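To start, the structure itself, in structure tokens.
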Amino acid sequence: GSLKYYLKMFISEEVDVSEEYKIGIHALREEWQMGVGRYFHDPVTDKGASWTYKNDKDTANTWQDAGGYFYSASKGATVQTFSNVAGDIEVDITDMVENWHTGTIANNGILLKRSGSQETDSIQYGSLAYFSRETNTIYSPRIEAR
């Protein structure tokens, strides 16, 4: 068979997660700079990406769409529904990775968000937190080729 690519995310905390939820995995359309701020910084550190800015806090660096400018078409996005799933997740992102390899889309990173109305409606779907690249554990997110 052909090579497949999977995004693996390791859970660090989940609170009141509903029985069924959807996560959208989207390739970002623009380059961005990772933020260096931490929750406990006082004064607040505002270097790097945020909901409004793709780099430092400057009107020249705003995202085209607030929250991140990302692909929603099949070449750069996928949505997965999880039913009765707790903990770590794994999502097939083969199409996205192949489009990076062919140059169809640029590899500016991946954005995870709730899918569709689960991102915008008033229903509480619980809280999911995954380990990041900066974790001091073996649980940083990864893309596996199989």
Side-chain angles (χ1 to χ4, degrees), residues 2-15 17-18 20-41 44-83 85-146:
S2 59
L3 198 57
K4 303 283 275 181
Y5 298 92
Y6 296 89
L7 174 65
K8 290 190 70 150
M9 301 287 295
F10 300 93
I11 197 79
S12 65
E13 181 182 36
E14 57 187 358
V15 178
V17 176
S18 60
E20 181 172 293
Y21 61 95
K22 295 178 183 181
I23 295 181
I25 293 88
H26 303 268
L28 286 163
R29 290 178 179 252
E30 297 177 299
E31 291 182 4
W32 57 283
Q33 178 185 345
M34 186 174 75
V36 296
R38 298 290 185 262
Y39 175 78
F40 54 83
H41 282 178
V44 172
T45 304
D46 59 5
K47 296 278 187 199
S50 68
W51 181 262
T52 305
Y53 303 100
K54 58 186 172 182
N55 290 312
D56 293 344
K57 191 175 181 180
D58 176 343
T59 56
N61 290 317
T62 58
W63 290 106
Q64 182 162 327
D65 294 329
Y69 185 43
F70 54 86
Y71 290 97
S72 56
S74 60
K75 69 181 176 183
T78 188
V79 174
Q80 186 161 327
T81 301
F82 297 92
S83 295
V85 173
D88 305 341
I89 62 169
E90 180 176 283
V91 179
D92 184 341
I93 59 167
T94 301
D95 291 342
M96 186 185 305
V97 173
E98 287 177 348
N99 282 310
W100 288 337
H101 288 168
T102 62
T104 303
I105 61 174
N107 182 355
N108 292 314
I110 298 173
L111 173 97
L112 273 71
K113 67 183 203 74
R114 297 279 187 174
S115 180
S117 65
Q118 288 190 357
E119 179 75 9
T120 57
D121 67 24
S122 61
I123 298 171
Q124 293 294 318
Y125 294 95
S127 172
L128 296 162
Y130 296 96
F131 284 102
S132 71
R133 179 174 83 172
E134 289 74 34
T135 184
N136 291 321
T137 70
I138 61 170
Y139 300 113
S140 59
R142 60 192 66 146
I143 296 175
E144 289 186 351
R146 300 183 199 154

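This structure is a prediction, so every number in the text was calculated from the model and none was measured.
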Considering all heavy atoms, the nearest [X]-[Y] contact:
{"X": "Thr94", "Y": "Tyr5", "value": "OG1-N, 2.9 Å"}
{"X": "Gly76", "Y": "Ile105", "value": "CA-CD1, 3.9 Å"}
{"X": "His26", "Y": "Ala77", "value": "ND1-CB, 3.4 Å"}
{"X": "Arg114", "Y": "Glu119", "value": "N-OE1, 2.9 Å"}
{"X": "Leu3", "Y": "Arg146", "value": "CD1-O, 3.1 Å"}

Would you say [X] and [Y] make side-chain contact, with heavy atoms under 4.5 Å?
{"X": "Lys113", "Y": "Leu111", "value": "yes"}
{"X": "Leu128", "Y": "Tyr21", "value": "yes"}
{"X": "Glu20", "Y": "Thr81", "value": "yes"}
{"X": "Ile143", "Y": "Ile110", "value": "yes"}
{"X": "Thr62", "Y": "Tyr69", "value": "no"}
{"X": "Ile89", "Y": "Tyr130", "value": "yes"}

Donor-acceptor pair, [X] side chain versus [Y] backbone, under 3.5 Å?
{"X": "Asn107", "Y": "Gly109", "result": "yes"}
{"X": "Arg29", "Y": "Gln64", "result": "no"}
{"X": "Glu14", "Y": "Gly87", "result": "yes"}
{"X": "Asp92", "Y": "Tyr6", "result": "no"}
{"X": "Ser115", "Y": "Gly24", "result": "no"}
{"X": "Ser140", "Y": "Ser132", "result": "no"}

From [X] [atom1] over to [Y] [atom2], what is the distance, rounded to the nearest 0.5 angstrom?
{"X": "Asn99", "Y": "Thr104", "atom1": "CG", "atom2": "OG1", "answer": "4.5 Å"}
{"X": "Ile93", "Y": "Ile25", "atom1": "CD1", "atom2": "CD1", "answer": "8.0 Å"}
{"X": "Glu90", "Y": "Glu144", "atom1": "CD", "atom2": "CD", "answer": "6.5 Å"}
{"X": "Trp100", "Y": "Lys75", "atom1": "CH2", "atom2": "NZ", "answer": "14.0 Å"}
{"X": "Met9", "Y": "Phe131", "atom1": "CE", "atom2": "CZ", "answer": "11.0 Å"}

(message) Which residue is it: Gln33, Glu31, Glu30? I am looking for the one with a side-chain hydrogen bond (donor to acceptor under 3.5 Å, both in side chains) to Lys54.
(response) Glu30
(message) Tell me whether the count of non-hydrogen atoms from other residues, nucleotides or ligands lying under 6.0 Å of CG in Asp65 goes above 12.
(response) yes
(message) The test is side chain to side chain contact (heavy atoms under 4.5 Å, CB included); show your working for Tyr71 and Asn108 and say whether it passes.
(response) CA-CA 11 Å; Tyr71 290 97; Asn108 292 314; over 6 Å; no
